[in-house]
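Residue numbering restarts at 1 for every chain, and letters A, B, ... go by the order of the sequence lines.
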Amino acid sequence: MTTEAAEPAADIPPFRYTAELAGEIEIRWQDRWAERGTFRAPNPVGPLADPGHPRADAEKLFVLDMFPYPSGAGLHVGHPLGYIGTDCYARYQRMVGRNVLHTMGFDAFGLPAEQYAVQTGTHPRTTTEANIGYYRSQLRRLGLGHDDRRSVATIDTDYYRWTQWIFLQIYNSWYDSVAARARPIAELVAEFEAGTRATPDGRGWAELSPTERRRIVDDHRLAYVSQAPVNWCPGLGTVLANEEVTPDGRSDRGNFPVFKRNLKQWMMRITAYGDRLIEDLDALDWPEPIKLQQRNWIGRSTGAHIEFPTAAAPIRVFTTRPDTVFGATYMVLAPEHPLVESLAADAWPGGTRDAWTGGQATPRAAVDAYRKAAGVKTDIERQAENREKTGVFIGAYASNPVNGAQIPIFIADYVLAGYGTGAIMAVPGQDERDWEFAEVFELPIVRTVQPPKNFDGKAYPGEGPAINSAAPDGGLDLDGLFIADAKAKIIEWLEANGHGSGAVTYRLRDWLFSRQRYWGEPFPIVYDEQGNPVALPESMLPVELPEVDDFAPRTFDPEDADSDPETPLSRRKDWVEVELDLGDGPKRYTRETNVMPQWAGSCWYELRYLDPTNPDRFVDPANERYWMGPQSPGDPGGVDLYVGGQEHAVLHLLYARFWHKVLYDLGHVSSFEPYRRLYNQGMIQAYAFQNDRGGYVEAAEVEEVDGKYYFGEQQVTRVYGKMGKSLRNVVTPDEMCEAYGADTFRVYEMSMGPLDVSRPWETRAVIGAYRFLQRVWRTMVDEQTGELRVTDAPADEQTRRLLHRIVDGVRGDLDGIRMNTAIAKLIELTNGLTRLDATPREVAEPLLLMLSPFAPHVAEELWQRLGHAESLAYEPFPVADPSLLVAETVTYPVQVNGKVRGRVEVPAEAAEEAIRTAALAAVADQLAGREPRKVIVVTGRMVSVVA
RNA sequence: GCUCCGGUAGCCCAACGGCAGGAGGCAGCGCGCUCAAAACGCGCACAGUGUGCGUUCGAAUCGCACCCGGAGCACCA
């Protein structure tokens with residue numbers, strides 16, 4: 001008895017490439033790759049070395065994806081775009097002979113698991129590990145050729161032990177600004193002891209108390225505890241790094257208000273690396289927009305510090321235009337500036353304009369009122385006020401050091417406390433902001449740069465000769481000098497006369513490194529009885545995250561700016577209080593109860609991939625040198641291709657570069673940059689549909705009729721956005737694998753467009769990739785009998801030429817990470833084969849090899865059916881025969897006055913003169929006997945005739 | 001406001017000084033297969049490259065100006 005009658009699928013040819021068959025093939029090959037360890041890449045040394053491996057001595061290639069945070073929702077079709085891209089590239093590079101390292105890990109510490117734990121009581125480790133398991137199964141189903149031995153998760157004790165170890169390296173280092181590199185802290189201490197380095201107050205090292213010595217040393221460390229204004233987010237119950245605060249003063253995660261609070265926190269001295277983080281960008285093959293964002297974030301400004309004497313202490317300002325100092329007609333301090341207290345006068349001096357007083361009876365009252373008003377305003381309000389300049393006179397004057405002029409001092413919120421020195425010399429003639437302020441307060445304006453003749457604007461910040469810039473005593477004279485020369489001369493004068501010096505400042509602040517959370521790496525730090533931090537020795541690593549009953553930090557009313565952080569770990573008193581022998585006998589210590597920020601684990605994971613099982617070091621130097629070392633003089637080294645989203649432009653990518661440079665300075669790695677080449681993949685977004693009440697309806701159930709969209713009977717409107725639960729437009733790779741197979745899904749994602757372009761997902765278009773693979777299958781397997789349709793007879797000339805043209809093009813496309821055009825060429829080749837009665841083996845085999853980076857399972861399957869016992873993963877990628885790339889004859893289009901008017905076919909090797917003659921003959925009727933004025937022959941391309 | 005990226009058939013995209021028979025795909029239409037439909041196959045049609053000016057023998061491609069869309073920065077002295 002057969003089931004054919006009952007089975008609607010029965011009239012599908014029995015050996016067609018269907019989703020079921022694809023699934024069966026895919027699972028089988030995934031198992032086989034795993035059993036055989038097909039994608040394991042050999043290391044030069046250590047447990048992962050394998051001298052017998054086919055790529056053991058080959059040129060290396062390290063391909064890296066930004067590893068994911070394993071969320072509970074799993075992957076949607078947008079997530080694996082980059083992973084598939086790197087997999088195609090990695091498989092191709094392996095076939096052209098390289099030893100390719102490609103794996104995938106998990107950035108698994110972080111807020112969502114902790115928040116879930118707070119809600120449900122489930123331990124974050126439980127949910128996180130379950131999520132990792134789910135991600136792994138989803139990724140495996142896609143057939144990604146990862147080295148399974150190298151996958152790490154940041155929450156593995158064996159991993160974060162090395163995160164803690166790197167923290168200790170940073171803690172035990174200082175930045176030698178003369179040598180421009182980090183050095184071990186012991187060398188600093190040695191210099192102090194030897195007297196070769198002066199102490200801050202000049203006393204001898206031996207004269208200092210242990211506490212004083214400690215303070216000096218701790219002030220040099222690259223990781224240090226600071227009592228400083230930090231971003232306190234009561235809604236999250238934790239502090240945040242500057243990079244995690246949005247421009248409107250809210251938390252990057254959760255969008256809660258963020259307040260400035262003075263709190264004791266761990267910091268990392270990333271500012272010491274400001275110059276190198278900017279300069280080394282030039283050595284990197286990164287998208288320019290990302291480099292630009294990093295440059296902007298670091299914000300290096302060169303200029304000078306200048307001191308303006310006052311009745312109290314001198315006001316120190318930073319300016320990028322010291323050449324304009326003769327135009328400084330007033331000064332502005334940030335409202336929070338420390339000198340405001342001592343400078344503010346008790347009574348208004350004679351001649352004070354009414355507009356300067358803010359309507360107050362005394363300068364002190366005006367300052368208080370202004371400060372109060374400024375404090376109430378949020379950053380958003382300040383921006384919304386259209387930047388109208390406000391401020392008050394504080395009743396005091398400063399002296400301009402170049403000409404002795406007495407200039408009034410104001411406070412105003414357009415000067416930021418956090419940048420430069422929090423004070424400026426105002427030069428309205430050359431600065432738009434100062435001009436605006438001067439107009440509001442009727443302050444004098446002196447141009448010190450001659451604007452061009454036709455200049456009709458206000459402030460003139462451009463280039464020109466200096467004017468009005470000579471001191472009355474006849475000494476200093478900048479007049480006539482252009483900006484660069486004027487700057488050099490004034491800086492020289494300032495330094496010679498003790499009024500200031502050349503200076504560089506940064507917008508970049510030190511990195512706030514502690515978080516009041518549970519689900520993160522504990523610090524390898526304890527505090528002694530005096531409350532001084534003490535680093536634990538390496539032998540005590542890892543410091544394991546203890547179990548707690550309550551995972552939540554104390555959170556507060558999001559608006560409660562005066563609340564104080566309380567960490568989850570601090571409640572485990574039995575863990576916090578320890579007795580340890582740190583070299584001077586057993587003593588009582590208390591543990592650090594903050595944890596590291598989520599970025600810590602992702603600062604170095606690429607290094608652990610290189611040597612994931614090494615128990616003695618975070619990475620063996622020989623393995624690091626092989627995979628990431630510089631390849632030529634001047635080369636920064638690093639990962640050969642790093643693919644990920646643009647959203648990490650300043651956070652992860654800046655932090656990781658910083659850590660890597662510290663490790664480089666300390667001699668632990670040979671590369672001075674972690675990621676030599678960066679590539680930003682585009683985002684896959686999707687349409688979503690809203691009903692007339694604005695609610696989202698299930699996108700998969702919406703139907704399009706005549707350009708309108710219907711959900712059942714109801715017409716809905718189409719919008720475009722990120723895939724997600726809230727828009728009800730999620731499509732998962734699992735669904736696609738079920739409906740079409742992983743190979744089809746991979747081919748579709750790669751063929752939609754260039755990898756770096758964002759694009760809309762369209763499920764109904766996936767069928768195109770499916771048909772393509774079905775056609776490939778059909779050219780090799782008879783759908784009715786299952787017999788091979790491949791013949792050993794040679795290919796005809798046309799097919800052979802087509803093959804070689806395609807091979808040449810596909811190589812070029814893959815070298816340039818242009819998967820979409822490579823796939824188009826493979827479709828073209830396949831379409832060339834469907835016309836044939838049988839497929840010549842000399843074409844079938846190269847086609848499968850070229851297809852295998854994109855659709856590895858079906859390629860392996862057919863390769864095996866063609867009689868090969870081994871996986872094609874290490875087969876050489878096809879090479880085009882150059883002699884078949886040049887056509888025997890070339891058809892030249894002939895243009896007359898820019899329009900194509902005829903064609904001639906001539907032998908490929910025809911001389912220019914012969915082409916010319918033939919071309920002119922072809923368009924003779926167009927010329928109508930006239931003599932052409934000019935004939936341009938572009939050999940191999942075309943002929944252009946000017947009549 | 002400033003900077004960067006991008007505008008090519010209904011849609012996603014190629015070509016990036018040299019023939020837009022658009023490389024390719026989706027959707028559409030026709031035909032074949034089928035009792036029929038789906039699937040599959042074969043074929044057809046559809047834009048002249050956001051707008052204007054310029055350079056050139058020749059411009060989607062280079063330059064200038066503008067329009068539209070996206071991203072980043074936004075009192076950083």
Side-chain angles (χ1 to χ4, degrees), chain A residues 8-9 11-13 16 18 247 287-290 292-293 296-297 299-301 303 317-322 324 332 334 382-383 385 387-389 412-416 418-427 430-434 436-437 461 505-508 646-647 649-650 683 704 707 747-748 751-754 756-772 774-775 778 783 806 809 813 818 820-828 830-831 834-835 891-903 932-936 938 940-947:
Chain A
D11 44 351
I12 290 178
R16 172 164 290 178
T18 59
E288 276 308 320
I290 302 288
L292 187 66
Q293 280 185 65
N296 288 343
W297 187 262
R300 174 165 62 183
S301 304
V317 304
F318 174 74
T319 175
T320 57
R321 293 293 303 276
T324 64
V332 185
R382 284 191 195 188
Q383 284 174 31
E385 278 170 22
R387 294 181 195 166
E388 179 143 331
K389 295 288 178 288
D413 64 4
Y414 85 94
V415 172
L416 310 175
Y419 185 77
T421 62
I424 63 158
M425 63 175 202
V427 187
Q430 276 78 229
D431 184 285
E432 283 173 29
R433 297 155 299 181
D434 295 344
E436 283 172 32
F437 191 87
T505 61
Y506 300 89
R507 200 185 83 116
L508 180 71
Q646 263 182 303
E647 64 275 17
V650 287
M683 206 195 308
E704 183 183 349
V747 169
Y748 174 63
S751 65
M752 291 164 82
D756 56 357
V757 168
S758 293
R759 66 215 86 169
W761 175 262
E762 194 178 8
T763 296
R764 68 177 183 179
V766 179
I767 191 89
Y770 188 53
R771 287 179 189 149
F772 162 52
Q774 282 183 327
R775 252 176 288 143
R778 200 180 301 118
E783 290 190 325
I806 298 292
D813 287 343
R818 293 185 298 269
N820 54 326
T821 51
I823 289 170
K825 289 181 177 76
L826 294 176
I827 293 172
E828 204 182 340
T830 305
N831 292 349
T834 54
R835 289 189 290 273
T891 304
Y892 282 87
V894 185
Q895 289 182 351
V896 179
N897 294 336
K899 298 280 182 214
V900 178
R901 299 297 186 192
R903 289 168 206 286
R933 283 198 288 157
K934 198 172 178 185
V935 180
I936 297 129
V938 187
R941 286 289 190 178
M942 50 98 64
V943 180
S944 185
V945 179
V946 189

S.K.: Tell me which nucleotide among B:C40, B:C4, B:C57 gets nearest to the side chain of A:Gln774.
M.R.: B:C40
S.K.: Does B:A27 have OP1 or OP2 under 4.0 Å away from a side-chain N or O of A:Arg764?
M.R.: no
S.K.: Side chain of A:Arg507, backbone of A:Ser301: donor and acceptor closer than 3.5 Å?
M.R.: no
S.K.: Which value, in whole Å, describes the distance between the P atoms of nucleotides B:G54 and B:A60?
M.R.: 15 Å
S.K.: A:Glu288 has an atom CD; how far is it from atom P of B:G72, in whole Å?
M.R.: 18 Å
S.K.: Report the residues that fulfil side-chain hydrogen bond (donor to acceptor under 3.5 Å, both in side chains) with A:Glu762, sequence neighbours left out, ordered by chain and then residue number.
M.R.: A:Arg764
S.K.: Given B:A23, B:C75, B:U3, identify the nucleotide with an atom nearest to the side chain of A:Asp413.
M.R.: B:C75
S.K.: Does B:G41 have OP1 or OP2 under 4.0 Å away from a side-chain N or O of A:Arg775?
M.R.: yes
S.K.: Name the closest nucleotide to the A:Met752 side chain, picking from B:A77, B:C75, B:C12.
M.R.: B:C12
S.K.: Search all heavy atoms of A:Thr18 against all heavy atoms of A:Tyr770 and return the closest pair with its distance.
M.R.: CA-OH, 3.4 Å
S.K.: In terms of side-chain heavy atoms of A:Ile936, which of B:A74, B:C57, B:C75 is nearest?
M.R.: B:C57
S.K.: Given the C1' atoms of B:G50 and B:U61, what is the spacing between them in whole Å?
M.R.: 15 Å
S.K.: If I pick the P atom on B:A15 and the same atom on B:G6, what distance separates them, to the nearest angstrom?
M.R.: 13 Å
S.K.: Name the closest nucleotide to the A:Tyr414 side chain, picking from B:C26, B:C75, B:C57.
M.R.: B:C75
S.K.: Closest to the A:Arg759 side chain: B:C13, B:A77, B:U3?
M.R.: B:C13
S.K.: Does B:C42 have OP1 or OP2 sitting under 4.0 Å from an N or O in the side chain of A:Thr834?
M.R.: yes
S.K.: Quote, to the nearest angstrom, the C1' distance that separates B:G28 from B:A9.
M.R.: 12 Å
S.K.: Between B:A65 and B:A77, how many Å separate the two P atoms, rounded to a whole number?
M.R.: 26 Å
S.K.: Determine the contact category for A:Leu826: base if any of its heavy atoms lies under 4.0 Å from a base atom, sugar-phosphate if only primed atoms, P, OP1 or OP2 are that close, otherwise nothing.
M.R.: nothing
S.K.: With the 90 degree cut-off around zero defining syn, does B:G48 come out syn or anti?
M.R.: syn
S.K.: Assuming nearest nucleotide by heavy-atom distance, tell me which of A:Ala765 and A:Tyr506 is located more 5' along RNA chain B.
M.R.: A:Ala765
S.K.: Starting at CG of A:Asn831 and ending at P of B:G24, how long is that distance when rounded to a whole Å?
M.R.: 8 Å
S.K.: A:Leu416 side chain: which of B:C40, B:A77, B:C4 is closest?
M.R.: B:A77
S.K.: Just checking A:Glu647: does its CD atom have more than 12 heavy atoms from other residues, nucleotides or ligands closer to it than 6.0 angstrom?
M.R.: yes
S.K.: Below 4.0 angstrom from OP1 or OP2 of B:A74, is there any side-chain N or O of A:Arg507?
M.R.: yes
S.K.: Choose from B:A23, B:C75, B:C13 the nucleotide whose nearest atom is closest to any side-chain atom of A:Val757.
M.R.: B:C13
S.K.: Does any non-hydrogen side-chain atom of A:Ile424 lie less than 4.5 Å from one of A:Asp431?
M.R.: no
S.K.: Quick check on B:A23: is either OP1 or OP2 less than 4.0 Å from any side-chain nitrogen or oxygen of A:Lys825?
M.R.: no
S.K.: Please state the P separation for the pair B:G24 and B:G41 - nearest whole angstrom.
M.R.: 15 Å
S.K.: What nucleotide among B:G41, B:C4, B:G72 has an atom nearest to a side-chain atom of A:Gln293?
M.R.: B:G72
S.K.: Answer yes or no: does a side-chain N or O of A:Ser301 lie under 4.0 Å from OP1 or OP2 of B:A77?
M.R.: yes
S.K.: Paired with B:U61: which nucleotide, if any, by Watson-Crick or G-U wobble criteria at under 3.5 Å for both distances?
M.R.: none
S.K.: Output all residues satisfying side-chain hydrogen bond (donor to acceptor under 3.5 Å, both in side chains) with A:Asn296, sequence neighbours left out; order by chain, then residue number.
M.R.: none
S.K.: Taking the minimum atom-to-atom distance to the side chain of A:Ile424, which one of B:C40, B:A77, B:C4 wins?
M.R.: B:A77
